[in-house]
S.K.: 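This structure is in structure tokens; I'll ask about it shortly.
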Amino acid sequence: MTLQKTRIWLSSPHMGDKEQRYIQDAFDSNWIAPLGPHVNAFEQELGKVTGSPHVLALSSGTAALHLALIIAGVEEGDEVICQSITFSATANPIVYLKASPVFIGSEPGTWNMDPDALEDAIKDRHRHGKRIKAILPVHLYGMPAMTNELMAVANKYEIPVIEDAAEALGSAYKGHHPGTDGIMGILSFNGNKIITTSGGGALLCKNSKDKEKAYFLSTQARDKAPHYQHSQIGYNYRMSNVLAAIGRGQLEVLEERVKARRANFEWYAHFFKDKEGITLLNEPDGVRSTRWLTTLQVDPEMTGGITREDMRQALDVENIEARPLWKPMHLQPVFKGAPYYGSHLEERLFKNGLCMPSGSNLSLEDFDRIATTLTKVLGN
Ligand SMILES: *Cc1c(COP(=O)(O)O)cnc(C)c1O
């Protein structure tokens with residue numbers, strides 16, 4: 001019988017030294033609720049890290065997107081423009097509101113929303129008499145999108161931008177933190193993200209008014225009255241004080257985590273340096289990616305026929321998790337028939353793309369196993 005080797009994950013939680021102390025404090029003070037001093041402190045600390053003036057800690061990144069779209073005024077029958085290559089959580093809240101997504105393809109420099117395709121889409125949707133209420137670019141895998149160009153298009157047509165920075169905490173775009181250029185931005189602290197609260201998210205707002213509105217909606221939309229009174233439908237989306245305690249500990253080691261992930265990328269870049277047909281995405285000038293996940297493009301015409309799937313399956317046999325790039329939303333059965341504008345680049349990225357194990361807690365032994373497996377499948 002062969003002993004199953006321990007699993008090497010794509011991205012697994014990585015705790016620091018302080019989380020348990022903060023959690024203990026939450027217990028000692030009996031703030032075991034979706035409010036409390038750690039929630040407030042976590043918001044302040046996130047504000048410092050991102051430069052966002054108004055941060056609201058929430059139960060998930062998806063909840064943050066849902067509230068952002070409500071605040072942007074998205075209603076039944078509206079359209080929301082969304083990056084096609086992303087995780088489904090970016091697009092789902094559009095449908096929660098009975099609005100319709102319009103998907104935009106990628107540009108080659110960052111793999112994120114193509115500003116030219118965005119403008120084509122706006123013009124064409126307007127020609128069809130559609131109301132576009134928001135634009136949702138994503139900083140996928142931690143790589144900041146072409147924010148200045150996207151903002152210029154959005155401003156020209158006066159459409160608010162909500163940035164999905166779920167994978168980009170610790171990235172930088174020309175001196176700004178992703179998520180702070182649009183009217184609102186969102187972060188995620190899910191278990192696989194760069195830092196985690198086990199589950200959680202945050203809304204970054206430019207205006208205090210938007211944060212107040214989001215706070216109101218996230219706490220069941222309670223009107224000012226001694227009894228419970230509601231004139232609007234609310235949600236239970238606030239972050240727990242216990243989870244904010246974890247987040248505060250995690251935030252203290254954020255920079256170390258980003259550096260570890262960037263070092264993973266460098267390891268892969270070095271490993272694949274002389275391997276024909278395998279390429280990694282470089283950072284444009286003035287941009288820092290968290291390298292949340294290191295992603296490869298595998299061109300079978302140049303690898304001697306070896307495909308992304310050959311590599312993924314060889315890793316899987318060795319109990320090493322790798323995953324195809326996110327499947328574009330306009331190819332998802334659930335979004336069948338949604339309008340799409342773009343050059344179809346993201347379809348090729350999906351077809352040939354592989355996300356490699358990228359956790360900040362990978363060991364040298366893990367990299368040895370990865371290297372041995374890849375060498376076996378690729379040859380020397
Ligand atoms: C994780 C993720 C989300 C959703 O965040 P949750 O906290 O899991 O709800 C949204 N968008 C992207 C790009 C993500 O990776």
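All ligand and atom numbering here is 1-based and tracks the order in the structure.
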S.K.: Determine the interplanar angle of the H344 and Y340 rings, folded into 0 to 90°, and report it as parallel if under 30°, tilted if 30 to 60°, perpendicular if over 60°.
M.R.: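 Tilted.
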S.K.: Examine the side chains of E163 and H139 and answer whether a donor and an acceptor come within less than 3.5 Å of each other.
M.R.: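 There is such a pair (donor and acceptor under 3.5 Å, judged by atom type) between the side chains of E163 and H139.
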S.K.: Per the side-chain contact (heavy atoms from CB on, under 4.5 Å) rule, which among M239, E19, Q250 passes with T197?
M.R.: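 Checked M239, E19, Q250 against T197; only one passes side-chain contact (heavy atoms from CB on, under 4.5 Å): M239.
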S.K.: Just to verify, what does Q313 make a side-chain hydrogen bond (donor to acceptor under 3.5 Å, both in side chains) with, not counting sequence neighbours?
M.R.: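 side-chain hydrogen bond (donor to acceptor under 3.5 Å, both in side chains) check on Q313 returns E309.
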S.K.: For S231 and D223, test the side chains for any donor-to-acceptor distance below 3.5 angstrom and give the result as yes or no.
M.R.: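 There is such a pair (donor and acceptor under 3.5 Å, judged by atom type) between the side chains of S231 and D223.
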S.K.: Return the orientation label for the H38 and Y22 ring planes: parallel under 30°, perpendicular over 60°, tilted otherwise.
M.R.: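 Geometry flag for Y22 against H38: perpendicular rings.
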S.K.: At less than 4.0 angstrom from any atom of ligand 1, which residues have a non-hydrogen atom? List them by chain and residue number.
M.R.: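 Within 4.0 Å of ligand 1, the protein residues are S60, G61, T62, T86, F87, A89, T90, V138, D164, A166, E167, S188, N190, K193, G200.
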